[in-house]
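Right, one structure below, let's go through it.
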Amino acid sequence: MYRLLFSLIITRVPAETVHHLTLRALRAIQALPGAAPALRRALAPRDPALAVRALGLDFPSPLGLAAGFDKDAVAYEALGAFGFGHVEVGTVTGRAQPGNPRPRLFRLVPDRAVINRMGFNNEGSEAAAQRLRRRRPGTIVGVNIGKTKVVPEAEAAADYVASAERLAPYADYLVVNVSSPNTPGLRDLQAVEHLRPLLTAVREAADRASARRVPLLVKIAPDLADEDIDAVADLALDLGLDGVIAANTTIGREGLRSAPALARETGGLSGAPLKDRSLDVLRRLRARTGDRLVLVSVGGVETADDVWERVRAGATLVQGYTGMIYGGPLWAYRLNRGLSRRLRASAFPTISAARHP
Ligand SMILES: Cc1cc2nc3c(=O)[nH]c(=O)nc-3n(C[C@H](O)[C@H](O)[C@H](O)COP(=O)(O)O)c2cc1C
């Protein structure tokens, strides 16, 4: 049904319009008394063998929704009800900003991929904090923070710190995003000499703002050289960070089948073409860090077998975004069911036992 709807109607509507309509529908579901709980009863993961204990939290499934879909924390409750074991909201920046001019979101259908140059369009960390303050329990919510575009790079840390202070009290975990290709200079913050003081300042800000020790993770780009991935892994261990999310979208364009004019659009590429690199980065991080870090694998996950492969390669948690664009509203539900089946067919009693190491 969704495939038919997708090819006949959805592809004829600008991608960002579809996104806003979807968010509006999700908000309506949240506002309708009893609707989200009913959906949750039907669609949320319930197989105890899929449960993952990580970051001091009990995830009902390893599969979560990656950052960028619910940038302003307006629909995470409904998204959790549709089967995501956690929802990462954001990226939220210190100040509200409009993002880049439209069009800024492109579907590469033959590649099952997307290019986006949204540029962190969001209402700012104060607005997100106001919303999350009224949070109801039921969905694990991570909060992903990034730099406001007009803030100079030399003052980046203060911008992240302002967001961390506002949001730490309401976040199940915090993510420092230094890997979007759509904010000039942002990815330079991945260099250890910039990343160390930034992560230290955010850790301290989170500790000031919340009596609870809020787990802190860093999200990296798939375009980092292997030595730089190792350097970030070493830094994460050195600073006592809780985990690494790998990876964000790529600026690479290798092997695409879509029309060259589309493939050449500026921005970050996500979806199927990211799969192999994302898996490589995960394996490298796991080999480097043993079992000392939570690793969240994201990039090109489309099927339950993909989730399984990530878990077997060492992912504690797995996220997806573009897979849902092509898979439709029941995507998370289907993947959870498929994952349960995959697990039953294996020799492992639980998904956590299947993780290596
Ligand atoms: C339209 C769009 C917007 C995104 N916005 C963000 C964002 O604000 N912050 C972030 O950390 N990642 C963002 N991402 C990256 C995703 O979280 C994810 O890392 C990436 O898309 C790879 O996963 P996928 O192949 O499953 O989509 C965005 C991705 C897309 C497609």
Side-chain angles (χ1 to χ4, degrees), residues 14-20 22-23 63-73 79 84 86-93 97 99-100 102-108 111-125 128 142-149 160 163 173-183 186-187 189-190 217-224 244-252 265 267-279 281-282 296-303 306-307 310 315 317-327 331-332 335:
E16 190 165 348
T17 307
V18 175
H19 177 73
H20 288 301
T22 309
L23 270 184
L63 179 66
L65 179 62
F69 184 84
D70 188 9
K71 286 185 191 274
D72 287 310
L79 288 160
F84 288 104
H86 68 280
V87 177
E88 192 169 306
V89 301
T91 294
V92 177
T93 54
Q97 58 181 22
N100 289 320
R102 295 186 202 187
R104 53 191 179 175
L105 182 60
F106 307 89
R107 293 185 210 94
L108 280 64
D111 294 302
R112 300 192 310 282
V114 162
I115 291 175
N116 93 82
R117 53 169 178 271
M118 305 299 288
F120 293 165
N121 54 307
N122 80 109
E123 294 171 15
S125 49
V143 181
N144 177 310
I145 58 175
K147 187 184 82 70
T148 307
K149 186 177 177 185
Y160 281 91
S163 296
Y173 67 85
L174 270 181
V175 183
V176 171
N177 178 10
V178 281
S179 47
S180 165
N182 301 315
T183 296
L186 191 84
R187 289 171 308 149
L189 296 173
Q190 291 175 112
L217 298 87
V218 62
K219 183 166 177 179
I220 62 171
D223 308 318
L224 285 180
V244 177
I245 304 187
N248 215 312
T249 55
T250 177
I251 55 169
E265 288 288 354
L269 174 74
S270 59
L274 201 55
K275 177 176 165 165
D276 290 349
R277 177 62 185 159
S278 175
L279 194 54
V281 173
L282 167 67
V296 183
S297 185
V298 49
V301 169
E302 298 183 295
T303 65
D306 293 337
V307 180
R310 302 297 165 107
L317 298 167
V318 178
Q319 294 179 336
Y321 182 162
T322 307
M324 178 180 66
I325 296 180
Y326 288 95
W331 184 71
L335 263 59

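Worth saying up front: this structure is predicted, and the values here are computed from it rather than measured. In each ligand, atom 1 is the first atom listed, and ligand 1 is the first ligand listed.
Shown here are the side-chain contact (heavy atoms from CB on, under 4.5 Å) partners of Ser270, two or more places apart in sequence or in another chain: Val114, Thr249, Thr322. In terms of the salt bridge (Lys or Arg N to Asp or Glu O under 4.0 Å) criterion, residue partners of Arg117 (sequence neighbours excluded) are, by chain and number, Glu265.
Of the candidates Gly68, Gly90, Ser180, Ala67, it is Ala67 that places a heavy atom closest to atom 14 (N) of ligand 1. For atom 22 (C) of ligand 1, the candidate residues are Asn144, Leu274, Val92, Asn116; the nearest heavy-atom contact is made by Leu274.
The closest donor-acceptor contact from the side chain of Gln97 to the backbone of Phe120 lies under 3.5 Å. Ser278 places a side-chain N or O within 3.5 Å of a backbone atom of Val298 that can act as its donor or acceptor partner.
Minimum heavy-atom separation, Ser179 to Leu186: N-CD2, 3.7 Å. Pro181 and Arg187 make their closest contact through CA-NE, 3.7 Å (heavy atoms, listed as atom of the first residue, atom of the second, distance). Among all heavy-atom pairs drawn from Leu269 and Leu274, the shortest one is O-CD2, 3.9 Å.
Considering backbone and side-chain N/O atoms, Val114 never comes within less than 3.5 Å of an N/O atom of ligand 1. Here's the thing with Gly320: none of its N/O atoms is less than 3.5 angstrom from an N/O atom of ligand 1. Distances between N or O atoms of Thr249 and those of ligand 1 include no value under 3.5 Å. Checked against a 3.5 angstrom limit, the closest N/O atoms of Thr322 and ligand 1 fall inside it. Annotation: Tyr321 places an N or O atom under 3.5 Å from an N or O atom of ligand 1; distance criterion only. At a 3.5 angstrom cut-off on N or O pairs, Gly300 counts as close to ligand 1. In terms of polar-atom proximity, Ala247 is counted as a contact of ligand 1, with an N or O under 3.5 Å from an N or O of the ligand.
Closest protein heavy atom to atom 31 (C) of ligand 1: Ser270 OG, 3.4 Å. Here the heavy atom of the protein found nearest to atom 15 (C) of ligand 1 is Asn248 OD1, 3.4 Å. Shortest contact from atom 7 (C) of ligand 1 to any protein heavy atom: Thr91 OG1, 3.4 Å.
Residue contacts with ligand 1 for Lys219 involve side-chain atoms from C-beta outward but no N, CA, C or O (heavy atoms, distance under 4.0 Å). Contacts with ligand 1 closer than 4.0 Å are made by side-chain heavy atoms of Leu105 only, the backbone lying farther away. Residue contacts with ligand 1, taken as heavy atom pairs separated by less than 4.0 Å, involve Lys71 solely via side-chain atoms from C-beta onward.
Counting the atoms of ligand 1 from 1 in the order shown, those under 4.0 Å from a heavy atom of Val298 are 18 (C), 19 (O), 22 (C), 23 (O).
Atom CG of Asn177 is separated from atom CD1 of Ile145 by 9.5 Å, given to the nearest 0.5 angstrom.
At most 12 heavy atoms of other shown residues, nucleotides or ligands fall within 6.0 angstrom of atom NZ in Lys149.
The aromatic rings of His19 and Phe69 sit perpendicular, their planes meeting at an angle over 60°, well past the 30° parallel limit.
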